[in-house]
Amino acid sequence: MINVAIFVSGSGTNCEAIIRHFQNSEKVKIVLVLSNRADAYALVRASGLGVETVVMPKKEFMQQDLLMPLMEKYNVDFIVLAGFLLVVPEFLIDAYPRRIINLHPALLPKFGGIGMYGHHVHEAVKAAGETETGMTVHYVSSEVDGGEIIAQFSTPVSPDDTPDDIAAKEHVLEMEHFPEVVHQVLDNFESSRD
């Protein structure tokens, strides 16, 4: 069994989609949803689906002696960032090499890096006059949004699209593809352990 933790900061639509995707899995168990924000609606979604939740503010999250015992308590094998807005500390990346993946709401390497999250990304896509946008799933490395790309999916952007329109189009891709990409990555991870 692969024990997965999902890290979240917001409403948790992707978190819920992933939990539902693996609800009846014999190979994958979502053991924990961790948020840096107590008001993240993702916590409500996770609890409603029977997944344990923990709130860990940034100051605590950045402390190895607090975060690592939590990962050990839940026997976490793999981490999925689903709308998680904190930079992952180096000690966690070292402890989980190629075992932390992130969803970014743009076609990396464009519109990535510090400050490029949520609506900021969609506003930047609009401002740049892009004709397409999309989502990227990538491994987490010490460079923000710079890890190896696993999968990308794109959608057209029209000149009339507002940042909200762009966000909505990109979100459709997330709902359609993210759980399946997580599934494929975990399948690969499992075969690499055998």
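Every heavy atom of this structure was used, including side-chain atoms; hydrogens, water molecules and symmetry mates were not.
Among residues at least two apart or in separate chains, side-chain hydrogen bond (donor to acceptor under 3.5 Å, both in side chains) pairs with a member in residues 22-36 are Ser9-Asn36. A salt bridge (Lys or Arg N to Asp or Glu O under 4.0 Å) check over residues 151-178, counting only residues at least two apart or in different chains, returns the pairs Asp161-Lys169. Residue pairs meeting the ring-ring contact (aromatic ring centres under 6.0 Å, His included) criterion with at least one partner in residues 106-134, sequence neighbours excluded, are Tyr117-His120. Judged as a salt bridge (Lys or Arg N to Asp or Glu O under 4.0 Å), the pairs with a partner in residues 116-132 (not counting sequence neighbours) are, in order, Lys110-Glu130.
With a 4.5 Å cut-off on side-chain heavy atoms, Tyr139 and Val185 count as touching. Here the side chains of Met135 and Leu107 are not in contact, with every heavy-atom distance at 4.5 Å or above. Within the 4.5 Å cutoff, side-chain heavy atoms of Leu92 are placed close to those of Met68. The closest side-chain heavy-atom distance from Val182 to Val28 is not below 4.5 Å. Counting heavy atoms from C-beta on, the side chains of Ser11 and Arg45 come closer than 4.5 Å. For the pair Leu81/Val88, a side-chain contact is recorded, criterion being any heavy-atom separation below 4.5 Å from C-beta on. Side-chain contact check for Ile101 versus Phe78: some heavy-atom pair is nearer than 4.5 Å.
For the atom pair CD of Glu52 and CG of Leu32, the computed distance is 7.5 Å after rounding to the nearest 0.5 Å. Between the CG atom in Asn14 and the CD1 atom in Ile19 there is a gap of 11.0 Å [rounded to 0.5 Å]. The structure places OG of Ser141 at 11.0 Å from CZ of Arg98, a figure rounded to the nearest 0.5 Å. With rounding to the nearest 0.5 Å, the separation of CD1 in Ile166 from NE2 in His171 is 15.5 Å. We find the CD-CE distance between Glu16 and Met175 to be 8.5 Å, quoted to the nearest 0.5 Å. Atom NE2 of residue His104 and atom CE of residue Met116 lie 7.5 Å apart, to the nearest 0.5 angstrom.
Here Asn75 pairs with nothing under the side-chain hydrogen bond (donor to acceptor under 3.5 Å, both in side chains) rule; sequence neighbours left out. Qualifying side-chain hydrogen bond (donor to acceptor under 3.5 Å, both in side chains) partners for Thr53, counting only residues two or more places apart in sequence or in other chains: none. For Arg99, the salt bridge (Lys or Arg N to Asp or Glu O under 4.0 Å) test picks out no residue, with sequence neighbours left out. Residues that satisfy the ring-ring contact (aromatic ring centres under 6.0 Å, His included) test with Tyr96, not counting sequence neighbours, are absent from this structure. Partners of His183 according to the side-chain contact (heavy atoms from CB on, under 4.5 Å) rule, which considers only residues two or more places apart in sequence or in another chain, are His21, Phe22, Glu180, Asp187. In this structure Tyr74 satisfies the ring-ring contact (aromatic ring centres under 6.0 Å, His included) test with no other residue, sequence neighbours excluded. Here His138 pairs with nothing under the ring-ring contact (aromatic ring centres under 6.0 Å, His included) rule; sequence neighbours left out. Partners of Phe7 according to the ring-ring contact (aromatic ring centres under 6.0 Å, His included) rule, which considers only residues two or more places apart in sequence or in another chain, are Phe61, Phe84.
What you find for Val76 and Val31 is that their closest heavy atoms are CG2-CG2, 4.1 Å. The shortest heavy-atom contact between Ile18 and Ile30 is CG2-CD1, 4.1 Å. Contact between Cys15 and Val33 at its shortest, heavy atoms only, is SG-CG2, 3.7 Å. In terms of heavy-atom proximity, Ala42 sits nearest to Gly12 at CB-CA, 3.5 Å. Between Met62 and Phe91, the shortest heavy-atom distance links the atoms O-CE2, 3.4 Å. Between Met56 and Leu66, the closest heavy-atom pair is CE-O, 3.7 Å.
The cluster map of Ile, Leu, Val, Met, Phe, Trp and Tyr, joined by side-chain heavy atoms under 4.5 Å apart, puts Val8 and Leu49 in the same cluster. When hydrophobic clusters are built by joining Ile, Leu, Val, Met, Phe, Trp and Tyr residues whose side-chain heavy atoms come closer than 4.5 Å, directly or via intermediates, Ile100 is not grouped with Phe189. Residues Ile93 and Leu103 fall into different hydrophobic clusters, defined by Ile, Leu, Val, Met, Phe, Trp and Tyr side chains chained together at heavy-atom separations under 4.5 Å. Phe178 and Leu173 fall within the same hydrophobic cluster, defined by Ile, Leu, Val, Met, Phe, Trp and Tyr side-chain heavy atoms under 4.5 Å apart, directly or through other members. Linking Ile, Leu, Val, Met, Phe, Trp and Tyr residues whenever their side-chain heavy atoms come within less than 4.5 Å leaves Val125 and Leu108 in two separate clusters.
For Ser47 (side chain) and Val44 (main-chain N/O), no donor-acceptor pair under 3.5 Å exists by modelled atom type. The backbone N or O of Ala106 sits nowhere less than 3.5 Å from a side-chain atom of Thr133 that would complete a donor-acceptor pair.
Enclosure of atom OH in Tyr41 is not indicated, since only 12 or fewer non-hydrogen atoms of other residues, nucleotides or ligands lie within 6.0 angstrom.
Of the residues Ile79, Ile6, Leu67, the one that meets the side-chain contact (heavy atoms from CB on, under 4.5 Å) test with Leu34 is Leu67.
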What verdict does the side-chain contact (heavy atoms from CB on, under 4.5 Å) test give for Val4 and Leu186, after you've listed the backbone C-alpha separation in whole Å, the side-chain angles of each residue and the deciding distance to 0.1 Å?
CA-CA 9 Å; Val4 176; Leu186 292 174; 3.9 Å; yes
